[in-house]
Every structure is written in structure tokens, then in C-alpha cells.
Protein chains: 2
Amino acid sequence: MATGRTHRPATRSRGIPEATVARLPLYLRALTALSERSVPTVSSEELATAAGVNSAKLRKDFSYLGSYGTRGVGYDVEYLVYQISRELGLTQDWPVVIVGIGNLGAALANYGGFASRGFRVAALIDADPAMAGKPVAGLPVRHTDELEAIISDNGVSIGVIATPAGAAQQVCDRLVTAGVTSILNFAPTVLSVPEGVDVRKVDLSIELQILAFHEQRKAGEETAAASAATAGATPVPPRVARAAGGGRKGPDGDVPAVMPA
Amino acid sequence: MATGRTHRPATRSRGIPEATVARLPLYLRALTALSERSVPTVSSEELATAAGVNSAKLRKDFSYLGSYGTRGVGYDVEYLVYQISRELGLTQDWPVVIVGIGNLGAALANYGGFASRGFRVAALIDADPAMAGKPVAGLPVRHTDELEAIISDNGVSIGVIATPAGAAQQVCDRLVTAGVTSILNFAPTVLSVPEGVDVRKVDLSIELQILAFHEQRKAGEETAAASAATAGATPVPPRVARAAGGGRKGPDGDVPAVMPA
DNA sequence: TTTTGTGAATGGCTTCACAGCG
DNA sequence: CGCTGTGAAGCCATTCACAAAA
């Protein structure tokens with residue numbers, strides 16, 4: 001429906017696998033902690049434990065960046081911190097805007113993890129005129145009308161969307177038109193963006209749903225048919241146009257196989 | 001160091017691939033939207049577009065759940081909503097606790113996406129005595145002392161950690177001891193948990209760092225050596241015990257290759 | 001001897017392409 | 001004839017295991 005490709009075009013980033021890129025911030029965090037304790041060197045085994053991965057994976061990841069270790073010794077902490085920071089682009093200054101200053105937007109504005117990694121909150125933007133001028137996390141909230149000006153004045157290329165779902169696509173379009181090319185989306189919607197724009201999505205309820213899936217599996221081993229037992233407000237299992245017999249059935253045998261009346 | 005396995009033991013969930021499980025909530029959201037518009041059936045192509053994936057993947061995902069479609073027609077929206085909800089365990093009621101009622105914790109407590117999907121916030125818990133009793137999102141904040149009692153009184157099996165990093169492991173240990181077996185962690189730390197406990201991690205700054213990586217790649221095509229140009233407060237590139245020559249170099253040729261003095 | 005760096009083996013996920021069913 | 005369901009192929013990521021370097 002919208003413009004061409006959607007949702008992470010996965011631009012095969014020159015050589016470094018996407019999975020490795022996603023782990024670099026993890027390594028960086030562990031290394032920073034070591035650096036603060038003035039630990040000079042670290043082995044792949046130790047660092048892997050601290051980052052919560054296994055050491056073979058870590059060494060392979062680092063091998064994509066270059067040979068930065070010393071055999072028989074390990075990795076120089078400071079040097080690795082620098083190399084990974086540079087690889088991630090954190091030696092630069094990245095101005096970001098946060099759009100949608102509700103509970104979540106305010107939490108993001110106050111989050112210390114941004115500033116400490118080269119991300120500078122250039123502006124907070126909200127559509128509510130009553131919010132305009134009110135200080136949040138030490139910054140005055142600006143009105144949406146100013147969005148385009150703020151983006152171009154500050155050379156912002158990364159935008160964070162924390163609006164309600166209904167407003168997200170519209171905000172996204174304006175951000176992109178104004179020159180933003182990377183978007184972190186907290187709104188529960190799939191955003192359409194033109195080629196060349198990266199979108200990453202964080203969805204709080206999706207994570208919980210994944211946990212619930214596994215949780216259910218754990219419980220399923222004890223209580224036999226626990227499905228409809230616990231709830232007090234489960235809606236009626238909908239009947240549906242669905243033929244009996246034929247293909248494979250649901251994996252657990254307890255498919256209702258409801259027939260139309 | 002800590003107890004046995006760490007960070008997502010990836011319990012090969014009987015039949016359904018992890019990647020598929022992670023997409024089910026996405027499909028569910030798209031289907032719910034269709035359901036609200038009273039759309040009776042949907043093709044894999046349409047639904048895939050709405051969910052931001054490609055249609056072959058969607059069909060393969062659904063094939064793990066069973067044959068719920070009708071050839072030549074598509075999928076019955078209501079029926080699929082029910083099947084996916086059931087598969088994810090959302091037909092049950094899941095009481096959750098949120099520990100750490102700072103900015104983020106409050107945002108989570110107010111987030112509507114939980115309640116609408118079977119997750120009921122059973123309690124908000126904070127270590128600050130000054131917070132105790134104060135209402136947040138309509139619930140009184142309880143003190144950490146009551147944590148164990150709250151968990152067992154409400155049969156809570158899912159916990160959300162939104163504390164500062166320093167407190168996270170301790171809170172995690174107490175949650176696990178009290179009976180929680182699934183944890184959603186917003187604190188920027190790797191949590192150690194015993195076998196059988198699932199942990200999922202949401203890290204706001206990691207997502208931004210991944211975006212910065214790609215952003216840097218985009219910019220790199222235009223401005224040649226942009227690395228140290230923009231910043232005004234970049235710390236000194238650390239010198240380090242690193243021999244010249246030998247192995248492969250960094251992928252972009254501009255490795256400083258600093259020598260010890 | 002210790003620990004890295006990496007080919008080779010393995011396993012999982014995605015995509016293709018089409019048989020089969022309605 | 002349209003669209004699902006799915007083997008088969010291809011791709012990407014993880015893990016193994018060891019040669020090479022310090």
C-alpha cells in the first residue's frame with residue numbers, strides 16, 4: 001500500500017552480520033564496566049560470561065571487526081571499547097528527537113543510557129498545546145508544528161516515536177520528509193517507510209506475550225487441560241467456517257475443531 | 001560464577017520455532033484490527049502486508065499451528081484470533097508484578113497494551129518507602145518487603161524489572177525464589193537465573209546503538225572521514241599494547257594501529 | 001602453555017515454487 | 001482459477017575443534 005519496502009530492509013551492512021551488530025552494544029556495556037574497574041585485559045571466556053553469550057560466538061563476532069586480541073593473553077579493554085564504539089558510530093554525536101511526551105516519552109527523556117552513549121536529546125515534541133513549554137527532563141516540550149524546523153536546525157537523523165498508535169504513521173511521515181533516516185518506534189503499529197530509512201520496533205506487550213507462551217508450556221506439563229480453566233472473563237471460543245477431517249491438526253491434539261451450526 | 005545456565009536457555013518449545021512464536025503477537029495485532037473492522041476473512045498476502053512480513057513466511061508460521069486456512073479463500077479472522085490467542089496462552093489470566101516504579105515503571109503501569117491482552121498488573125513494587133501507598137495508574141505502590149507475599153498471594157509467575165541496574169539481580173533473585181518463572185528485564189544488566197526461568201531483555205539504548213551503526217554506514221558514503229569530525233567531546237583514542245603487521249586489519253582501512261610509546 | 005582467530009560442520013530460518021485443495 | 005500448505009533449496013548464524021601466535 002505505501003512506499004515500496006517496509007520494516008527493516010536489512011541492508012547487508014558491509015561485511016558485519018546483523019546478528020553481530022546487535023551484540024556489539026552488549027559487549028560494549030560489559031567492557032565499559034570492566035574499564036571502570038580499571039581491568040586492563042580480558043579473555044574471551046570472561047567477557048563472554050559477563051555479556052551473557054558463549055565465547056566462541058564472541059570471538060567470531062570480534063573477528064569481523066579485525067584481529068584485536070592477543071593470543072595467550074586476551075583483549076585490551078580500553079582498546080576494544082574504542083574499536084567497538086567507533087564501529088557503532090558512538091564516537092560521533094547523534095542528536096535525537098523524541099515525539100510523544102506521555103508516560104513513556106517522559107521516561108525515555110529521563111533515561112540516562114542515551115546521553116552516556118553519544119545520543120543527545122535535541123528536543124521533545126508533543127501534539128498537545130497544553131504541554132508546550134512545560135519542562136520535562138530539563139527540556140521544554142515543543143509543539144508538533146515546529147517538528148520540521150527542529151529536525152533541520154539540529155541536523156537530526158534519528159527519531160524516536162512514543163505517540164499513540166493512531167498518530168505514529170503520520171509522525172513518521174513528517175520525520176522522514178524532514179530528513180530523519182532512522183526511527184525507533186514504540187507505538188504498536190507497523191510503519192511504512194521509503195527505501196533507505198531504517199525502522200526498529202520495541203513493543204512492550206509483544207515481549208510479555210512471548211513469555212506467556214513459554215510460561216504456558218511450562219505449566220502444561222503439570223495441569224492437563226489448563227487452557228480455559230483459570231480465566232474468569234474468557235470470551236466465547238468463536239465458531240467458524242471450518243471443515244472437519246483432512247489436514248494435520250493442531251500440535252497438541254486439543255483442537256476444538258468447531259463446526260458451523 | 002552464578003547458577004548454571006544464563007540468559008534464555010531457548011527451551012526448544014515443542015514444535016513451534018522460536019522465530020515463529022516471536023511473530024505470533026504481530027499477527028494477532030493485525031488480526032485484531034481486522035476483527036474490529038468486521039472483516040470476515042483475509043488472505044495470507046493481505047495479512048502479511050498488515051503485519052509487515054512476507055506471505056510465504058506467514059503461511060509457514062501458521063502451518064506450525066495447524067491448517068487453519070481455506071484454499072482459494074484465505075483465513076477466517078475470528079477463528080485465527082482465537083487460535084493464536086490460545087497458542088500464546090492469552091486466553092488465560094496472567095497476573096504480573098512490576099518492580100521499580102520510576103519513570104519507566106510508571107509508564108509500564110499505565111500502558112494499555114497489557115490489560116487488553118490478558119495481562120493483569122497485580123501489584124507495583126518499589127524499594128523507596130516514600131513511594132509506598134502512593135497511587136500509580138490506580139494502584140497503590142507496595143514496598144519491596146511485601147514482594148514475596150504479593151507473589152504467592154496472587155500466584156504471579158511473570159515479573160517485570162524496571163529498577164536501576166544495580167538492584168536488578170537482587171530483585172530477580174527474590175522474584176525467582178518467590179516463584180516467578182518468567183522475567184521481562186528493562187534494567188541494563190545480564191541477569192543470572194536458574195534453569196527453567198525465562199528472561200527476556202528490552203534495552204532502550206541498545207536499539208538506538210544499532211540504528212546509529214546503520215546511520216553511520218549511510219553517511220559514510222558521502223563524507224569520507226567523518227569519524228572524529230563531528231564530536232566536540234570525544235575522549236582520546238586510547239593507545240594500547242598492540243603489535244603492528246600480522247593479521248587482518250579493520251574492515252575500513254582506517255584502523256589507527258596505535259603503538260605503545 | 002594459553003588463548004585467539006577461523007575453517008568446517010551443524011542447525012535453524014527464510015524463500016522459492018508448486019502440488020493440491022476448495 | 002485462487003490461495004493455502006509444504007517439500008526442497010539456499011542462506012545465515014552458531015558451534016566445534018584446532019592450527020597458529022604470543
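Computed from a predicted structure; not experimentally measured. Lettering of chains follows the sequences in order, A, B, ..., and the numbering in each one begins at 1.
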*Side-chain touch A:L28/A:S85, heavy atoms, less than 4.5 angstrom*: yes
*Distance in angstrom units between A:F62 CZ and C:dT4 C1', rounded*: 12 Å
*Of all the choices, D:dA13, D:dA8, D:dT4, which nucleotide is nearest to the side chain of B:K60 once you look at every atom?*
D:dA8
_Whole-Å gap separating P (D:dT4) and CG (B:D61)_ = 14 Å
*Please step through side-chain contact (heavy atoms from CB on, under 4.5 Å) for the pair B:F62 and B:I84, ending with a clear verdict.*
CA-CA 9 Å; B:F62 286 175; B:I84 295 178; 3.9 Å; yes
*asked:* Less than 4.0 angstrom between a side-chain N/O of A:R23 and OP1 or OP2 of D:dT14, yes or no?
replied: yes
*Could you tell me which residues satisfy salt bridge (charged side-chain N to carboxylate O under 4.0 Å, His left out) with A:R117, sequence neighbours excluded, listed by chain and number?*
none
_Atom pair distance, as rounded to whole Å: CD1 in B:I16 and P in C:dG12_ = 16 Å
*Could you tell me the separation between the CD atom of A:E45 and the C1' atom of C:dT4, rounded to a whole number of Å?*
12 Å
*Start at the 5' end of DNA chain C and walk down; is the nucleotide closest to A:R71 or to B:K57 reached first?*
A:R71
*Do any side-chain nitrogens or oxygens of A:S44 fall under 4.0 Å of OP1 or OP2 in C:dT4?*
yes
*What's the CG-P distance between B:L58 and D:dT6, to the nearest Å?*
14 Å
*Could you say whether A:G72 or A:A19 is positioned toward the 5' end of DNA chain D, judged by the nucleotide with the nearest heavy atom to each?*
A:A19
*Please check the phosphate of D:dT15 (OP1 and OP2 only) for any side-chain N or O of A:N54 closer than 4.0 Å.*
yes
*CZ of A:R59 versus P of D:dA17: gap in Å, rounded?*
13 Å
*Proximal nucleotide (of C:dC18, D:dC16, C:dG5) relative to the A:S67 side chain*: C:dG5
*Assess whether side-chain contact (heavy atoms from CB on, under 4.5 Å) is satisfied between B:V197 and B:S182, documenting all intermediate values.*
CA-CA 6 Å; B:V197 175; B:S182 288; over 6 Å; no
*Can you find a side chain N or O atom of B:Y75 that sits less than 4.0 Å from OP1 or OP2 on D:dG5?*
yes
*Rounded distance in Å - CG (A:L47) to C1' (C:dT4)*: 13 Å
*List for me each residue that meets salt bridge (charged side-chain N to carboxylate O under 4.0 Å, His left out) alongside B:E207, sequence neighbours excluded, and say none if there are none.*
A:R200
*Round to a whole Å and report the spacing from OH of A:Y64 to C1' of C:dT6.*
10 Å
